[in-house]
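Note that the coordinates shown come from a computational prediction; the quantities given were computed from them, not determined experimentally.
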Amino acid sequence: MAVVLAAVTAYGNYALIVGQDERVDVLVLVRGIGWGQQISDADLGVAKAVPDQPLASIPAVDRDRVVGQVARSTLPPGTLLAASQFTAQPVPGPGERLVGLAVKPGHLPARGLSAGDLVQVIAVMNSPGTDASQTAESPSAPFRARVLGVGPPDSTGGVTVDVVVGVDASAAATNAAAGQVVVVQLGPGA
């Protein structure tokens, strides 16, 4: 009789705990997403979480609402998604330009650049004898940009860095893209 009573009590406790489980299915990232990248269905997974009003997680049933949105920052795998982390605004957005800069080895940080990094781009003059087809012109003014992506190294070790600039810096970015540049990563608050 004691064994039956213990089993019934254990099952009752289990049923009570499961019945009070307030966790809901929410969306999480199964793969990392870079700033400005579009979120695909394959990037999303489902996890159980306790609803938290300040976090405002996205219910799994709203998956279709998230697919196709653009990440507002770099999001690592396992991130519990919240509405503030994505937008419908594509990159580049209104008043922005996307420019590809050919960057030689040694003209960017050794640790590399990631999507979302804030950088300052400084055009440098070609030194005499580097390329006879280019004339030595004064470089354009330095400008700030946000990195959208970095291409793979070419045969010389150079990379193409895609940057997003405001319309006010688009002329300087276009001029810089035609020559040599140095890319300096800026810290927070710079």
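Side-chain contact check for V181 versus V161: every heavy-atom pair is 4.5 Å or farther apart. F143 places none of its side-chain heavy atoms less than 4.5 Å from the side chain of V99. Contact of the K48 side chain with the D25 side chain is registered, since non-hydrogen atoms from C-beta on lie closer than 4.5 Å. The side-chain heavy atoms of R63 and L27, taken from C-beta on, include a pair separated by under 4.5 Å. At a threshold of 4.5 Å between non-hydrogen side-chain atoms, the residues V91 and L98 do not count as touching. The shortest distance between side-chain heavy atoms of L75 and L81 falls below 4.5 Å. Contact of the R111 side chain with the Q185 side chain is registered, since non-hydrogen atoms from C-beta on lie closer than 4.5 Å. Using a 4.5 Å heavy-atom cutoff, the side chains of I39 and V70 are not in contact.
In this structure, T174 OG1 and R97 CZ are separated by 9.0 Å, a value rounded to the nearest 0.5 Å. Atom CG of residue L148 and atom CD of residue Q37 lie 8.0 Å apart, to the nearest 0.5 angstrom.
In terms of heavy atoms, A177 sits closest to G100 at CB-O, 3.6 Å. Nearest heavy-atom pair across V164 and P92 is CG1-CB, 4.3 Å.
Q89 is linked by a side-chain contact (heavy atoms from CB on, under 4.5 Å) to T87, P94, counting only residues two or more places apart in sequence or in another chain. For D64, there are no side chain to side chain donor-acceptor pair (under 3.5 Å) partners, not counting sequence neighbours.
V163 and L113 fall within the same hydrophobic cluster, where Ile, Leu, Val, Met, Phe, Trp and Tyr residues are linked whenever their side-chain heavy atoms come under 4.5 Å apart, directly or through other members. Hydrophobic clustering, with ILVMFWY side chains joined whenever heavy atoms are under 4.5 angstrom apart, groups V121 together with V159. No single ILVMFWY cluster, assembled from side-chain heavy atoms under 4.5 Å apart, contains both W35 and I33.
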